[in-house]
Amino acid sequence: MSRLFGFLLLAGVIAGSCRITNCLSLVADIPVMLFVLDITIGGVLFGFGLATPLRALEAVFRTPAEAPTQRQWQCYQAVCKAGSVFAFAAGCVGSLISLTLFLQHFAYSESNSILSHRIAIILVPLFHGLILSQFIIRPMQYALRIKASKAGEQRA
């Protein structure tokens with residue numbers, strides 16, 4: 001329940017600040033969100049296959065049918081840590097791609113009136129990567145760590 005409250009609070013703060021500054025359309029850029037999400041999921045699947053990330057998600061959101069071993073808990077935490085790293089890296093790559101496209105457009109453009117808007121767009125993928133990395137995947141990793149310590153205490 002507290003995770004849901006934390007997520008809603010975070011979403012409300014971001015949406016409220018965007019509403020105040022009228023930048024919701026800039027932050028809610030669906031192609032950029034999908035780019036960051038695709039790179040993150042692809043990296044995790046490449047590194048761990050399909051079964052381990054699915055079991056890790058199951059362990060985060062509900063109690064698994066079989067009690068995982070300490071090694072499985074560590075593996076699930078490694079999945080979340082890798083996802084966090086991939087999300088941040090995807091945001092950085094997206095920002096570099098945006099910067100390259102901006103500089104290419106800027107080199108051939110006579111008008112500098114849209115300069116500030118295009119510079120803001122450069123930072124959007126980094127923003128999405130940070131949100132996914134630090135506010136979604138990292139709390140999942142902490143939840144797994146807490147569940148693993150509780151499981152270890154129950155076995156002892």
Side-chain angles (χ1 to χ4, degrees), residues 1-19 21 23-102 104 118-156:
M1 187 65 170
S2 62
R3 278 185 256 149
L4 177 64
F5 178 72
F7 177 75
L8 291 175
L9 182 66
L10 176 67
V13 167
I14 292 171
S17 64
C18 289
R19 178 78 175 131
T21 60
C23 70
L24 188 59
S25 63
L26 181 65
V27 174
D29 189 0
I30 300 299
V32 171
M33 285 183 197
L34 291 176
F35 175 82
V36 171
L37 195 60
D38 287 348
I39 297 278
T40 303
I41 292 172
V44 168
L45 291 179
F46 181 75
F48 293 94
L50 181 61
T52 305
L54 288 178
R55 284 191 212 114
L57 281 174
E58 179 187 11
V60 167
F61 293 109
R62 62 183 182 156
T63 305
E66 293 181 18
T69 64
Q70 192 65 27
R71 172 129 169 76
Q72 288 173 321
W73 283 116
Q74 291 172 350
C75 187
Y76 298 159
Q77 290 176 31
V79 167
C80 289
K81 185 175 182 180
S84 179
V85 169
F86 282 124
F88 181 71
C92 290
V93 168
S95 291
L96 289 174
I97 291 170
S98 298
L99 179 63
T100 304
L101 293 174
F102 164 73
Q104 181 182 14
R118 288 193 179 266
I119 289 175
I121 289 175
I122 291 170
L123 299 176
V124 171
L126 187 58
F127 172 75
H128 289 299
L130 283 172
I131 293 294
L132 183 62
S133 169
Q134 300 301 315
F135 296 108
I136 296 174
I137 297 174
R138 188 67 60 112
M140 291 170 51
Q141 181 183 4
Y142 292 142
L144 286 172
R145 187 175 298 151
I146 290 169
K147 286 184 175 187
S149 67
K150 286 181 182 178
E153 290 171 2
Q154 288 177 353
R155 287 188 186 146

Checklist entry - Of the non-hydrogen atoms in Ala148 and Gln77, which two are nearest, and what is the gap between them? => result CB-NE2, 3.7 Å

Item to check | Atom of Ala82, atom of Val44 and distance for their closest heavy-atom approach | outcome: C-CG2, 4.4 Å

Next on the checklist: Show me the pairs that pass salt bridge (charged side-chain N to carboxylate O under 4.0 Å, His left out) and involve residues 59-77, at least two apart or across chains.
Outcome noted: Glu58-Arg62

Checklist entry - What distance do Trp73 atom CH2 and Lys150 atom NZ have between them, rounded to the nearest 0.5 Å? => result 10.0 Å

Side chains of residues 84-95: which donor-acceptor partners sit under 3.5 Å, not counting sequence neighbours?
unit_1	atom_1	unit_2	atom_2	d
Ser84	OG	Ser133	O	3.4
Ser84	OG	Ser133	OG	2.7
Ser84	OG	Arg138	NH2	3.4
Ser95	OG	Gly91	O	3.1
Ser95	OG	Ile122	O	3.1
Ser95	OG	Leu126	N	3.2

Checklist entry - Name the one of Leu34, Asp38, Thr40 that satisfies side-chain contact (heavy atoms from CB on, under 4.5 Å) with Val36? => result Thr40

Checklist entry - Between Met140 and Leu57, which heavy-atom pair has the shortest distance, and what is it? => result CE-CD2, 3.2 Å

Next on the checklist: I want to check something: taking the side chain as every heavy atom from C-beta on, are Val124 and Ser98 in contact at a cut-off of under 4.5 Å?
Outcome noted: no

Item to check | Separation of Ile136 CD1 from Gln141 CD (nearest 0.5 Å) | outcome: 14.5 Å

Next on the checklist: Within this structure, what is the OG-CD distance for the pair Ser149 and Gln70, rounded to the nearest 0.5 Å?
Outcome noted: 8.5 Å

Item to check | Closest non-hydrogen atom pair, Cys80 against Leu144 | outcome: SG-CD1, 3.6 Å

Checklist entry - When you look at Leu132 and Met33, which way does the side chain to side chain contact (heavy atoms under 4.5 Å, CB included) test go after all the steps? => result CA-CA 9 Å; Leu132 183 62; Met33 285 183 197; over 6 Å; no

